[in-house]
Amino acid sequence: MKILEFTGPGFEDSELLYPYYRLQEEGHEVFLAGPEKKKYEGKNGVPVEADLSLSEINPDDFEALVIPGGHMPDKVRMDKDALKTVKHFMEKKKPIAVICHGGQVMISADVLKDIKMTSVENIKDDIENAGAQWMDEGVFSFENIVSAKTPKNLPEWMKRFTVLLSKNVKQK
């Protein structure tokens, strides 16, 4: 399965790297997409190279999406191609894993009406104002979305996401 993962300046290192490697362990191909096809540095200094720019994304080429947190979502949410990609994944009910501040991208894509999800607590009001019901849980699964609060939730978040991915493979 080909999986797209957003990157950009100031991503939360563990929230990008943990799913990146965990999903590869499961046999998936993971592609990093950022505002430009270049190297980005995480909040804690870990560098990653974007495989493609957000403008190069063809959402039909990917079967799942990962949106890490950190400062990156606040930058990526301003990009029309990122928002178009998120809308595609929601419309097609493709699996989305979102953690921490990653929900900011979904807010800007205007896809949260009647959704239930969790996030870092300081964007709770934004999530609710966008039409979602914020759940006070470390990890929450709803339809095609697996959301998580913080890095301490990484293992359970990816465990649930890989289960969702395996269900999607079986349905094809």
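These numbers were taken from a predicted model, which means no experiment stands behind them.
When all heavy atoms of P35 and S53 are compared, the pair lying nearest together is O-CB, 3.8 Å. Of all non-hydrogen atoms in P151 and I99, the two that sit nearest each other are N-CD1, 4.4 Å. Heavy-atom minimum distance, V66 versus P68: O-CD, 3.5 Å. In terms of heavy atoms, M72 sits closest to F6 at CE-O, 3.9 Å. Heavy-atom minimum distance, A64 versus F161: CB-CZ, 3.9 Å. In terms of heavy atoms, L83 sits closest to A109 at CD2-N, 3.7 Å.
Using a 4.0 Å cut-off between a side-chain N of Lys or Arg and a carboxylate O of Asp or Glu, R22 and E26 qualify as a salt bridge. Under 4.0 Å is where a charged nitrogen must lie from a carboxylate oxygen, and between D110 and K87 no such pair does. Comment: K2 does not engage E63 in a salt bridge, judged by the lack of any side-chain N to carboxylate O separation of less than 4.0 angstrom. A salt bridge is defined here as a Lys NZ or Arg NE, NH1 or NH2 lying under 4.0 Å from an Asp or Glu carboxylate O, and K37 with E56 fails to meet this definition.
When the ring pair (Phe, Tyr, Trp, His ring centres under 6.0 Å) test is applied to F62, the partners found at least two apart in sequence or on another chain are F31.
Looking only at distances, no side-chain donor or acceptor of N153 sits under 3.5 Å from a matching main-chain atom of A148. For the pair E15 (side chain) and G69 (backbone), a donor-acceptor distance under 3.5 Å is present. Using a distance-only test at 3.5 Å, with no hydrogens or angles considered, a donor-acceptor pair links the side chain of D13 to the main chain of V46. Counting only distance, with no hydrogens or angles, the side chain of S141 and the backbone of V146 share no donor-acceptor pair below 3.5 Å.
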- Message: With side chain to side chain contact (heavy atoms under 4.5 Å, CB included) as the criterion, how do L52 and I57 come out once you've worked through the C-alpha distance, each side chain's angles and the decisive distance to 0.1 Å?
- Response: CA-CA 7 Å; L52 62 160; I57 296 171; 3.9 Å; yes

- Task: Show your reasoning for whether side chain to side chain contact (heavy atoms under 4.5 Å, CB included) applies to V48 and Y20.
- Result: CA-CA 11 Å; V48 298; Y20 181 78; over 6 Å; no

- Check step by step if side chain to side chain contact (heavy atoms under 4.5 Å, CB included) holds for H71 and F11. CA-CA 6 Å; H71 303 300; F11 62 85; over 6 Å; no

- Item | Derivation of the side chain to side chain contact (heavy atoms under 4.5 Å, CB included) call for S14 and L154 | CA-CA 8 Å; S14 62; L154 287 167; 3.8 Å; yes

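Looking at V86 and L65, their side chains come closer than 4.5 Å, going by heavy atoms from C-beta outward. A heavy-atom distance below 4.5 Å is not found between the side chains of K149 and E137.
Linking Ile, Leu, Val, Met, Phe, Trp and Tyr residues whenever their side-chain heavy atoms come within less than 4.5 Å leaves M117 and V163 in two separate clusters. In the hydrophobic clustering of ILVMFWY residues, with side-chain heavy atoms under 4.5 Å counting as a link, V111 and M78 come out apart.
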In residues 120-129, what donor-acceptor pairs under 3.5 Å come from side-chain atoms, sequence neighbours left out?
unit_1 : atom_1 : unit_2 : atom_2 : d
N122   : OD1    : H101   : NE2    : 3.3
N129   : ND2    : D125   : O      : 3.2

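To the nearest 0.5 Å, atom CD of residue Q133 and atom OG1 of residue T118 are 11.0 Å apart. Taken to the nearest 0.5 Å, the CG atom of L112 stands 6.5 Å off from the CE atom of M90.
The side-chain contact (heavy atoms from CB on, under 4.5 Å) with Y40 is formed by just one residue from the set L32, L16, T7; it is T7.
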